[in-house]
Amino acid sequence: MRVATIGTGYVGLVCGACLADFGHHVICIDKDADKIAGLSRGEMPIYEPGLHALVHSNVREGRLEFSTGIAGAVGQADAVFIAVGTPSRPGDGHADLSYVYTAAREIAAALGGFTVVVIKSTVPVGTGDEVERIIREARPQADVSVVSNPEFLREGAGIRDFKHPDRIVVGSEDERARDIMAELYRPLYLNAAPMLYTRRRTAELIKYAANAFLATKITFINEIAELCEKVGADVQEVARGIGLDNRIGTKFLHTGPGFGGSCFPKDALALIKIGQDHEAPLRIVETVMAVNDQRKRAMARKVAVALGGDLRGKTIAVLGLTFKPNTDDMREAPSISVITALKDLGAAVRAYDPAGMEQAKRLLPDITYASSAYACADGVDALVIITEWEQFILLSRGGKGLSGLRGCAGPIPEPHRGRVTPTGVGAKVPAS
Ligand SMILES: NC(=O)c1ccc[n+]([C@@H]2O[C@H](COP(=O)([O-])OP(=O)(O)OC[C@H]3O[C@@H](n4cnc5c(N)ncnc54)[C@H](O)[C@@H]3O)[C@@H](O)[C@H]2O)c1
């Protein structure tokens with residue numbers, strides 16, 4: 001099948017490369033000429049494990065191309081994926097749909113024969129209706145079907161998630177569109193990935209409900225962690241103790257500095273707004289957002305307490321800046337709030353991240369960046385691990401920069417526990 005993706009970011013590029021790997025012919029389109037020029041030279045615009053090799057092999061086989069121009073690619077496509085951003089609208093927190101609607105107008109102008117327009121971007125309920133209206137207004141005779149096909153991949157594991165999804169959600173009641181979607185995803189279907197056909201509005205809501213539920217799980221265990229600290233219980237054991245119950249599950253029960261990233265905060269906020277607009281308020285999600293916001297700055301206060309209450313004149317090392325490991329994405333990373341709060345409390349901050357420092361420098365220009373984890377930790381008063389990059393797990397095994405550090409507050413990266421929990425806080429043992 002012939003496919004065009006509009007928007008070649010984390011989702012559009014992974015989706016395009018994977019669909020090409022399934023054997024389809026894919027053209028990834030983006031307005032950002034530098035991004036497309038880089039991709040055409042074989043340079044990846046994002047850090048995503050396995051992406052470079054996947055893109056390279058499919059370009060070589062002639063199944064994957066990149067372009068800034070929409071016309072030819074869309075005119076010949078059986079399916080056009082909209083994978084543009086839907087950030088929070090400044091001021092009110094609703095999803096900003098301007099990129100989606102612009103893409104819809106551009107697609108309308110370029111449509112050829114029967115085309116399925118697939119909305120991959122995370123969009124509020126009813127967006128598919130509006131995209132269809134925009135296209136029909138511009139091209140009343142166009143033979144087109146608008147489908148919702150939300151994406152559930154996680155950055156850092158994007159290719160694996162796309163190729164081995166827990167489910168594929170297709171929101172459409174149009175048989176022709178469903179047939180094309182089934183053909184596009186046939187390799188996954190053969191692998192027994194469940195294909196869930198729903199109404200378009202249902203599919204749109206599934207994505208928001210999934211993200212809000214996961215954010216709730218994270219926030220729940222973070223609140224339980226606070227209680228554990230007060231009563232002398234171990235939150236990791238509590239998490240395991242409840243997670244082994246199949247009705248609960250072990251995932252998303254790792255305590256940390258609060259959720260961040262390009263999706264959870266904006267999607268939870270957008271869902272709250274959708275609920276308010278429809279007079280079906282989502283009080284649980286509202287509370288989750290409030291608790292999560294407070295948690296990030298509270299992490300900085302924990303560091304201050306671990307150092308005797310005052311951070312003036314102290315240097316804090318921060319390991320991990322990206323919102324999760326295995327990505328360079330700094331959007332809404334908790335590290336931004338934690339570091340800002342540490343600085344507000346008077347600390348000097350030195351940071352290291354394996355992949356996110358270039359992006360971080362734009363958001364956090366006033367801190368020092370180290371060339372390695374050990375250089376970061378050398379001589380500091382406290383070490384804060386924010387992102388659980390795998391390479392940080394081994395650091396406490398007698399690493400020279402970490403000697404003399406002992407956990408004082410929060411879950412501590414124990415050398416023998418085998419797993420580092422963000423935000424572990426280690427502080428220098430005061431000389432006694
Ligand atoms: N990042 C994730 O992990 C993830 C996971 C699931 C769903 N989503 C959703 O997928 C959507 C895309 O997210 P992302 O992280 O890939 O965004 P992104 O910001 O990385 O990429 C979006 C791209 O779209 C391009 N673009 C915007 N308007 C365009 C147009 N008219 N024509 C061509 N290109 C255009 C931008 O230049 C940019 O490169 C969002 O709705 C997001 O919520 C993201």
Side-chain angles (χ1 to χ4, degrees), residues 4-18 27-39 44-49 51 66-71 73-74 77 80-89 94-110 117-124 127-128 131 134 148-162 165-169 203-204 206-212 214-215 259-271 322-333 359:
T5 67
I6 315 295
T8 306
Y10 284 87
V11 167
L13 183 53
V14 170
C15 167
C18 289
I27 303 183
C28 288
I29 297 155
D30 204 288
K31 274 189 167 352
D32 184 337
D34 289 342
K35 191 181 268 191
I36 294 301
L39 279 161
M44 295 304 105
I46 53 170
Y47 176 85
E48 182 65 38
L51 188 61
F66 301 100
S67 173
T68 50
I70 211 167
V74 167
V80 179
F81 283 74
I82 298 179
V84 299
T86 48
S88 281
R89 196 162 65 189
H94 279 277
D96 177 354
L97 295 172
S98 57
Y99 301 102
V100 173
Y101 294 153
T102 301
R105 280 188 280 275
E106 291 169 351
I107 291 167
V117 174
V118 185
I119 304 180
K120 256 279 170 240
S121 301
T122 303
V123 294
T127 305
V131 165
I134 289 170
S148 168
N149 172 221
E151 182 51 59
F152 300 96
L153 67 78
R154 297 161 299 168
E155 286 177 23
I159 294 166
R160 201 209 153 275
D161 284 353
F162 195 92
D166 291 337
R167 77 300 205 190
I168 304 152
V169 175
E204 289 168 338
I206 285 172
K207 173 65 190 178
Y208 278 116
N211 273 2
L214 293 172
F259 60 79
S262 64
C263 291
F264 282 6
K266 81 168 173 68
D267 291 348
L269 198 54
L271 182 60
T322 51
F323 83 93
K324 64 192 290 193
N326 298 320
T327 181
D328 58 351
D329 199 342
M330 282 294 297
R331 289 178 283 186
E332 298 288 323
Q359 298 218 24

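All ligand and atom numbering here is 1-based and tracks the order in the structure.
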Could you measure the distance from the OG1 atom of Thr122 to the CD1 atom of Ile206? Nearest 0.5 Å is fine. 12.5 Å

More than 12 heavy atoms of other residues, nucleotides or ligands under 6.0 Å from CD of Gln359: is that the case? yes

Go through ligand 1 atom by atom and flag the ones less than 4.0 Å from a non-hydrogen atom of Lys266. 42 (C), 43 (O)

Nearest non-hydrogen protein atom to atom 21 (O) of ligand 1, with distance, is Gly9 CA, 3.3 Å

What is the nearest protein non-hydrogen atom to atom 31 (N) of ligand 1, stated with its residue, atom name and distance? Glu106 OE1, 3.2 Å

Have a look at Arg105, Glu151, Glu155, Glu48 and point out the one with the heavy atom closest to atom 6 (C) of ligand 1. Glu151

Can you find an N or O of Val11 that's nearer than 3.5 Å to an N or O of ligand 1? yes

Looking at Glu48 and Arg154, is any side-chain nitrogen of the basic one under 4.0 Å from a carboxylate oxygen of the acidic one? no

Min N/O separation Lys35 to ligand 1 under 3.5 Å: yes

Is any N or O atom of Asp267, backbone or side chain, closer than 3.5 Å to an N or O atom of ligand 1? no

Among all the protein's non-hydrogen atoms, which is closest to atom 9 (C) of ligand 1, and how far away is it? Thr122 OG1, 3.5 Å

In the structure I gave you, are the side-chain heavy atoms of Asn326 and Glu155 within less than 4.5 Å of one another anywhere? no

Less than 4.5 Å apart, side chain to side chain, heavy atoms only: is that true for Val131 and Tyr101? yes

Numbered atoms and elements of ligand 1 in range of Ala83, under 4.0 angstrom, heavy atoms: 12 (C), 22 (C)

Look at atom 15 (O) of ligand 1 and say which protein heavy atom is nearest, naming residue and atom and giving the distance to 0.1 Å. Arg331 NH2, 2.9 Å

Around atom 25 (C) of ligand 1, find the nearest protein heavy atom and jot down its residue, atom name and distance. Asp30 OD2, 3.2 Å

Could you check atom 24 (O) of ligand 1 against the protein and tell me its nearest heavy-atom contact, residue, atom and distance included? Gly7 CA, 3.3 Å

Ligand-side contact atoms (ligand 1) for residue partner Cys263, heavy atom cut-off under 4.0 Å: 2 (C), 4 (C), 5 (C), 8 (N), 44 (C)

Just to confirm my output: which protein heavy-atom neighbour is closest to atom 35 (C) of ligand 1, and how far is it? Val84 CG1, 3.7 Å

Are the side chains of Thr68 and Ile29 in contact, using a 4.5 Å heavy-atom criterion? no

I'd like to know whether Thr327 forms a side chain to side chain contact (heavy atoms under 4.5 Å, CB included) with Ile46, so could you lay out the CA-CA distance, the side-chain angles of the two residues, the decisive distance to 0.1 Å, and finally the verdict. CA-CA 8 Å; Thr327 181; Ile46 53 170; over 6 Å; no

Can you report which non-hydrogen protein atom sits closest to atom 22 (C) of ligand 1, along with the distance? Gly85 N, 3.7 Å

Quick one: do the Thr86 and Lys266 side chains pair a donor with an acceptor below 3.5 Å? yes

Does the structure place the NZ or CZ of Arg331 under 6.0 Å from the centre of the six-membered ring of Phe323, at an angle of no more than 45° from the ring's axis? no

Does any N/O atom on Thr86 come nearer than 3.5 Å to any N/O atom on ligand 1? yes

Using side-chain heavy atoms (C-beta onward) and a distance below 4.5 Å, is Ile82 in contact with Tyr99? no

Smallest heavy-atom separation, Pro124 atom then Leu97 atom, equals CD-CD2, 3.7 Å

If you round to the nearest 0.5 Å, how far is SG of Cys28 from CG of Leu39? 7.5 Å

Flag Thr102 as yes when one of its N or O atoms lies below 3.5 Å from any N or O atom of ligand 1, and as no otherwise. no

Contact between Arg154 and ligand 1, counting heavy atoms under 4.0 Å? no

N/O separation below 3.5 Å, Lys120 to ligand 1: no

Under 4.0 Å from one or more heavy atoms of Ser262, ligand 1 contributes atoms 1 (N)

